[in-house]
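Both counts, for ligands and for their atoms, begin at 1 and track the order of listing. From a predicted model like this one, the values you see are computed outputs, not experimental measurements.
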Amino acid sequence: MPAQRLDGKETARLIRLELSNRVSALREVRGKAPGLTAVLVGDDPASAIYVRNKEKAAREVGIEGTVHRLPASTSEAELLDVVDRLNADPAVDGILVQLPLPDQIDPNRVIDRVSPSKDVDGFHPENVGLLAIGRPRFASCTPLGVIELLRRQGIETKGKRAVVLGRSNIVGKPMALLLLQKGAVGDATVTVCHSESREIPEIVREADLLIAAVGRPEMVRGNWIKPGAIVVDVGIHRRADGSLCGDVVFDEVAEVASWVTPVPGGVGPMTIAMLLANTVASGELAAGIRP
Ligand code: GUN
């Protein structure tokens with residue numbers, strides 16, 4: 001039987017509806033909406049689109065979304081000054097510095113400078129550390145979106161073999177940490193494969209849950225998939241003909257898996273929903289209405 005679709009678009013829509021209600025409640029308590037500021041340095045067209053989509057999604061749920069645009073020639077010191085000002089601004093609950101940054105700026109210096117209590121990207125070492133020791137505060141939005149998509153579909157991972165393809169700080173590593181947390185969508189036995197891993201297809205064939213986040217178009221073939229496995233595709237790539245594809249060959253994988261995320265409409269919308277959820281949670285923490 002062909003796999004069922006894990007519908008990120010619809011799930012994200014429901015989450016945004018719930019968030020609008022939490023934003024209204026927060027507005028009652030604080031007299032102001034939660035604020036999210038994205039900082040965009042330079043004119044990378046893909047980054048500009050991502051940031052615009054984040055701002056639009058924020059505004060749709062009632063978050064005060066703003067974009068701070070800086071020229072490509074911005075120095076590291078200038079960007080750190082902007083971050084300091086946002087850290088000190090009580091109207092800002094969430095700060096997001098869009099990556100990648102121009103070559104003259106060290107992204108680690110910038111990530112380290114964002115106040116951990118406003119780090120809605122979940123990139124600051126303090127937030128990564130909290131996740132690693134099982135006390136998550138803000139986790140990276142893409143892996144958090146994967147967990148939430150599974151949870152809302154009633155898919156448990158407890159005791160399952162999970163394979164994560166990719167070890168990036170934004171997706172692969174936090175994905176593994178989230179699947180290791182205690183809980184129904186956690187408690188997995190996790191293997192992380194990366195560019196130096198050997199026998200990747202053999203390892204993937206053992207997986208009850210596969211998270212593909214390698215950034216290589218259609219690398220994962222249908223014959224790598226264990227029958228009945230759950231397959232989550234984090235990749236998004238544009239083919240020469242303009243169409244979109246992920247890290248897995250969708251049609252092949254859908255023949256074998258029990259669940260599979262489409263591209264587009266799978267993980268992508270969930271990432272943005274989790275950015276909004278982290279921002280609302282940050283506002284709730286600041287207002288003392290969240291433990
Ligand atoms: N660039 C690609 N993905 C992300 C993300 O999740 N957050 C930020 N800030 N930049 C990115």
I'd like a table of the close N/O pairs between ligand 1 and the protein (anything under 3.5 Å), one pair per line with both atom names and the distance.
{"residue": "ligand 1", "atom": "1 (N)", "partner": "Gln98", "partner atom": "NE2", "Å": "3.3"}
{"residue": "ligand 1", "atom": "1 (N)", "partner": "Leu99", "partner atom": "O", "Å": "3.0"}
{"residue": "ligand 1", "atom": "7 (N)", "partner": "Asp121", "partner atom": "OD1", "Å": "3.1"}
{"residue": "ligand 1", "atom": "7 (N)", "partner": "Asp121", "partner atom": "OD2", "Å": "3.4"}
{"residue": "ligand 1", "atom": "9 (N)", "partner": "Val97", "partner atom": "O", "Å": "2.9"}
{"residue": "ligand 1", "atom": "9 (N)", "partner": "Asp121", "partner atom": "OD2", "Å": "2.6"}
{"residue": "ligand 1", "atom": "10 (N)", "partner": "Leu99", "partner atom": "N", "Å": "3.0"}

Exercise for the section: Supply the members, apart from Leu244, of the Ile/Leu/Val/Met/Phe/Trp/Tyr cluster built from side-chain contacts under 4.5 Å; use none for a lone residue. Expected result: Ile236, Val263
Practice task
Under 4.5 Å between side-chain heavy atoms, chaining through other members, with only Ile, Leu, Val, Met, Phe, Trp and Tyr counted: pull out the rest of the cluster around Val231, sorted by chain and number.
Solution key: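 Same cluster as Val231: Val163, Leu165, Ile200, Ile203, Val204, Leu210, Val214, Met219, Val220, Trp224, Ile225, Val248, Phe250, Val253, Val256, Val260.
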Problem - NZ/NE/NH1/NH2 to OD/OE distance under 4.0 Å, Glu60 and Lys56 - result: yes
Problem - Co-membership, hydrophobic cluster, residues Val190 and Val128, 4.5 Å side-chain - result: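 Each belongs to a different hydrophobic cluster.
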Handout entry: Qualifying side chain to side chain donor-acceptor pair (under 3.5 Å) pairs with a residue from residues 129-149, counting only residues at least two apart or across chains
Key = Glu126-Arg137, Asn127-Arg137, Thr142-Thr271, Glu148-Arg151, Glu148-Arg152
Handout entry: Arg109 atom CZ, neighbour heavy-atom count above 12 within 6.0 Å
Key = no
